[in-house]
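Take a look at the structure below.
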Amino acid sequence: MTIDELDYDSLFDRYLPAIAEKLRETGNPVGMLLSNGMPASMAKGIVAGLPQSAKDRLAADLLNANGEKFCQKMEELAAGKGVHVCVSAVHAEVK
């Protein structure tokens, strides 16, 4: 799957607690800032001010941290369409 554009602001608004937890798990520096009790508005401002390449790395970290869930959801979606498939891995990288 290739993603060309992602609305980071709405993603961050909706999933801030989950994003913070996953970023802490991956050791991402922004996750460390969030773990120190930074207000959501300040965290959003920091993320908004990051260069696009840093936002892309954040998105890749989050996707990779949730790879198993994505595999499961893709399998469920396919099964709902009558296609039985085993998705063994999901991996994101920034190019």
Side-chain angles (χ1 to χ4, degrees):
M1 172 174 27
T2 302
I3 299 174
D4 292 323
E5 292 183 29
L6 181 60
D7 181 357
Y8 293 103
D9 291 335
S10 64
L11 184 69
F12 199 74
D13 284 342
R14 183 169 177 159
Y15 296 106
L16 178 62
I19 288 171
E21 179 63 28
K22 292 302 175 185
L23 289 175
R24 280 191 295 272
E25 289 174 9
T26 64
N28 189 293
V30 175
M32 299 305 155
L33 290 172
L34 293 172
S35 69
N36 291 329
M38 177 183 293
S41 60
M42 185 181 285
K44 183 179 176 186
I46 288 173
V47 171
L50 292 173
Q52 188 63 41
S53 61
K55 291 179 188 179
D56 292 342
R57 281 192 303 277
L58 278 173
D61 285 349
L62 291 168
L63 180 62
N64 290 330
N66 288 289
E68 288 182 31
K69 289 180 184 178
F70 281 109
C71 290
Q72 180 182 2
K73 292 296 182 186
M74 286 187 274
E75 289 174 359
E76 290 171 4
L77 180 63
K81 301 291 184 181
V83 178
H84 299 284
V85 64
C86 178
V87 179
S88 60
V90 172
H91 177 73
E93 63 185 51
V94 178
K95 294 189 177 202

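Excluded from the calculations below are hydrogen atoms, water molecules and symmetry mates; all remaining heavy atoms, backbone and side chain alike, are included. These numbers were taken from a predicted model, which means no experiment stands behind them.
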Pairs satisfying side chain to side chain donor-acceptor pair (under 3.5 Å), at least one member in residues 76-86, at least two apart: Q72-E76
Shortest non-hydrogen contact from A92 toward N64: N-OD1, 2.7 Å
Separation of D61 CG from D56 CG (nearest 0.5 Å): 11.0 Å
Shortest non-hydrogen contact from V85 toward A78: CG1-CB, 3.7 Å
Closest non-hydrogen atom pair, C71 against V90: SG-CG2, 3.5 Å
